[in-house]
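Single-structure report; data block below.
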Amino acid sequence: MKTRKKPTPDKNQGSARVLVVLLFCLLIASTVSTAAAAGMHNTIQEYDGAGTCIVCHQQAGEDFVTSIHNTWLGTAEYIDGKNGTQTGKLIGVNDFCIGVKSNEALCGNCHAGYGLLENDFSIEKIDCLICHAPDYKKTASGPDPSINATEAARNVGQPTLEMCLRCHATAGGGDNNKRGDLELAMGALNISKDLDVHMSAGMTCQDCHTFVDHHVSGRGMDLRVDDTDVVVSCDNDGCHDPMPHANGSTYNEHTDRIYCTTCHITAYGKVHTVEMSRDWEHRTPNDDNVLGITMYVPTYVRESNPAPIQVWWNRRSEIMDLADPVVFNSDGILVMAKPSGGIDDPASKIYASRLHLGRQPWDGTYLLPFVTMTVLMQDNMTQALFESTGNIYDPIQYVDTNRYMGIFHGVSPKEDALICDDCHVDHKIDFEVLGYEVEKDASGNLISATKPGESLNLADLSSDDTQKEDTDAQSTSTPGFGVVSALCGFLAIVCLQLRRK
């Protein structure tokens, strides 16, 4: 009688099975951990501020209490003329609601704590729910009475687009007033590619703005303090390469001097109009507001889908604080924030940007803080200035201001990006403002644009003179789809490999 020989085990197949088991266990552990966390939060009997959270999240609280989201103050590292000094939103000045000083109750609706009124930024005063609870609202001193804070605490989770945008899209007092490239529509469940290709693919803010011990990474042209040393850029590891286009593409030759946003963000204020200027001297009565009463609002100019402007930026800035004396530019305008850099600076690149205009009171030397709500409710700037400074100004002097802000969100689909002819034939970038030597005809039409010391005419290069890109060969990878989805996809690939074997 012959004995049937047992088949020799396939070592590769055994290893693959072990890998599948490990991945499956990790997936189950992730699911159980999420469910367990949800169950723990469901046991919260009453939310009493940070004390409820730090019972379990003491370290997170200690980390967050030193973050810029909490302190609104830090040491400048990339602000020309201010390196090593204390600066930040807390002592800054702007051309929207002017500043935190005297407006703590208003600004406190978004500050990630309950102590702004008393300048108390201790761990007991932080507000975890503003970043972690869906459909949450707050005031400067606690949760908004219109919401159930305990129920909100039971439903906390990782920050979503909606949670971040509730503050960052409404900065300046309303939807898309300030940043221009952030609007509440970006927090919807379904986001179109035309609004932003990354958000439409399911990416969240923290996929780019990574957190280090509850400190968020990233900086803009008009931001005073960095919260981490991590540079947020399109060509970070895991995102797009420094040479992101097809091999041999002429576009790759531009990436050392032109940042991605210059070509890939062609408009902002796509759903809700964006504020372009705010004039506090000239005010008009308005009954169309959530309070249902007459308010005296500054004169606004808003636009839909404006195109960005282009500026040189070396990732350093010049930014004004409230205690800084007014310094006018050659046009007699006070520039409150602007990017550092230029055509002769090898560290500079051309970035997409926007320019916001303002008109606000000053005393001949300094910009003046005032109580915004007093102006809005009473149409009395004299009283608003007195409440803030203790001085009576009569007559009140006003000054023209402006501020540059980077445009980083609202990336268009690749087929809508600028191409060679847009710049080198149709002149959608302003060569003269960027520092190129230009020649124009009698009608003001651009004839030539050359870099100082060079002869190549950049204003007369057609796509026939440059190499057209094979857009189908572009990298279209989009990070940030989450651990669970990645694991499921990997498991499917492993299973297919086993079936083939």
Side-chain angles (χ1 to χ4, degrees), residues 47-79 82 84-94 96-133 136-144 149 152-153 156 159 163-164 166-168 170-173 178 205-206 209-220 222-230 319-323 369 371-373 388:
Y47 176 73
D48 64 352
T52 301
C53 304
I54 60 177
V55 169
C56 296
H57 304 288
Q58 178 72 30
Q59 186 58 55
E62 292 177 2
D63 291 337
F64 182 78
V65 79
T66 59
S67 73
I68 303 303
H69 268 86
N70 181 50
T71 63
W72 281 4
L73 193 68
T75 302
E77 294 184 66
Y78 303 102
I79 307 301
K82 292 182 181 290
T85 65
Q86 289 289 289
T87 184
K89 187 180 182 71
L90 194 65
I91 60 175
V93 63
N94 62 65
F96 295 92
C97 299
I98 308 308
V100 176
K101 177 178 170 56
S102 305
N103 292 301
E104 291 85 357
L106 191 63
C107 300
N109 291 332
C110 268
H111 175 254
Y114 301 137
L116 189 61
L117 292 172
E118 310 88 37
N119 271 8
D120 183 355
F121 306 109
S122 61
I123 190 171
E124 294 80 14
K125 289 290 188 178
I126 63 177
D127 178 17
C128 306
L129 301 188
I130 189 62
C131 297
H132 288 283
Y136 176 72
K137 291 175 62 178
K138 70 180 292 289
T139 68
S141 55
D144 191 283
V156 294
M163 294 174 192
C164 298
R166 64 172 61 138
C167 288
H168 289 282
T170 60
K178 190 172 185 179
C205 301
Q206 56 268 34
H209 298 279
T210 54
F211 279 73
V212 180
D213 298 330
H214 268 74
H215 289 222
V216 65
S217 304
R219 76 177 320 268
D222 66 326
L223 299 185
R224 295 172 173 83
V225 185
D226 290 38
D227 216 6
T228 76
D229 293 329
V230 178
I319 303 179
M320 182 180 181
D321 289 333
L322 188 59
V371 181
T372 301
M373 289 306 296
S388 180

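Because only heavy atoms are used, hydrogens play no part in the values below, and waters and symmetry mates are left out as well, while side chains stay in. Position 1 is the first residue of the sequence, and the numbers go up from there.
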What is the minimum heavy-atom distance between [X] and [Y], and which atoms define it?
{"X": "Ser217", "Y": "His209", "value": "O-ND1, 3.0 Å"}
{"X": "Ile126", "Y": "Gly61", "value": "CD1-CA, 3.9 Å"}
{"X": "Cys128", "Y": "Tyr47", "value": "N-OH, 4.3 Å"}
{"X": "Lys138", "Y": "Asn109", "value": "CG-O, 3.1 Å"}
{"X": "Val65", "Y": "Thr71", "value": "O-CG2, 3.5 Å"}
{"X": "Ile68", "Y": "Val225", "value": "CD1-CG1, 3.6 Å"}

Short question: side chain of [X], backbone of [Y] - any donor-acceptor pair under 3.5 Å?
{"X": "Asp227", "Y": "Ser67", "result": "no"}
{"X": "Ser102", "Y": "Val371", "result": "no"}
{"X": "Arg224", "Y": "Leu73", "result": "no"}
{"X": "Arg166", "Y": "Cys110", "result": "no"}
{"X": "Gln206", "Y": "Pro159", "result": "yes"}
{"X": "Asn94", "Y": "Cys97", "result": "yes"}
{"X": "Asn103", "Y": "Gly99", "result": "yes"}

Nearest 0.5 Å please: distance from the [atom1] atom of [X] over to the [atom2] atom of [Y].
{"X": "Gln59", "Y": "Ile54", "atom1": "CD", "atom2": "CD1", "result": "11.5 Å"}
{"X": "Ile319", "Y": "Leu223", "atom1": "CD1", "atom2": "CG", "result": "6.5 Å"}
{"X": "Glu104", "Y": "His111", "atom1": "CD", "atom2": "NE2", "result": "11.0 Å"}
{"X": "Ile130", "Y": "His69", "atom1": "CD1", "atom2": "NE2", "result": "10.0 Å"}
{"X": "Asn70", "Y": "Asp63", "atom1": "CG", "atom2": "CG", "result": "12.0 Å"}
{"X": "Thr52", "Y": "His57", "atom1": "OG1", "atom2": "NE2", "result": "11.0 Å"}

task = Just jot down the salt bridge (charged side-chain N to carboxylate O under 4.0 Å, His left out) partners of Lys82, sequence neighbours excluded, or say none.
result =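 Residues passing salt bridge (charged side-chain N to carboxylate O under 4.0 Å, His left out) with Lys82: Asp321, Asp324.
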
ask   = Who pairs with Asp127 by salt bridge (charged side-chain N to carboxylate O under 4.0 Å, His left out), at least two apart in sequence or on another chain?
value = none

query = Would a 4.5 Å heavy-atom cut-off, applied to side chains only, mark Asp144 and Thr139 as touching?
reply =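 When only atoms from C-beta onward are counted, Thr139 and Asp144 do touch, with a gap below 4.5 Å.
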
query = Do Asp213 and Thr228 come close enough that some side-chain heavy atom pair is under 4.5 Å?
reply = no

ask   = Checking side chain to side chain contact (heavy atoms under 4.5 Å, CB included) for the pair Thr85/Thr75: CA distance, chi angles, key distance, verdict?
value = CA-CA 5 Å; Thr85 65; Thr75 302; over 6 Å; no

All side chain to side chain contact (heavy atoms under 4.5 Å, CB included) counterparts of Ala152, not counting sequence neighbours = Leu129, Ala133, Tyr136

query = Do we see a donor-acceptor contact under 3.5 Å between the side chains of His215 and Thr66?
reply =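 Yes, Thr66 and His215 have a side-chain donor paired with an acceptor closer than 3.5 Å.
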
request  = Could you label the plane-to-plane angle of the His214 and Phe64 rings as parallel, tilted or perpendicular, counting under 30° as parallel and over 60° as perpendicular?
outcome  =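 Plane angle over 60°, so perpendicular.
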
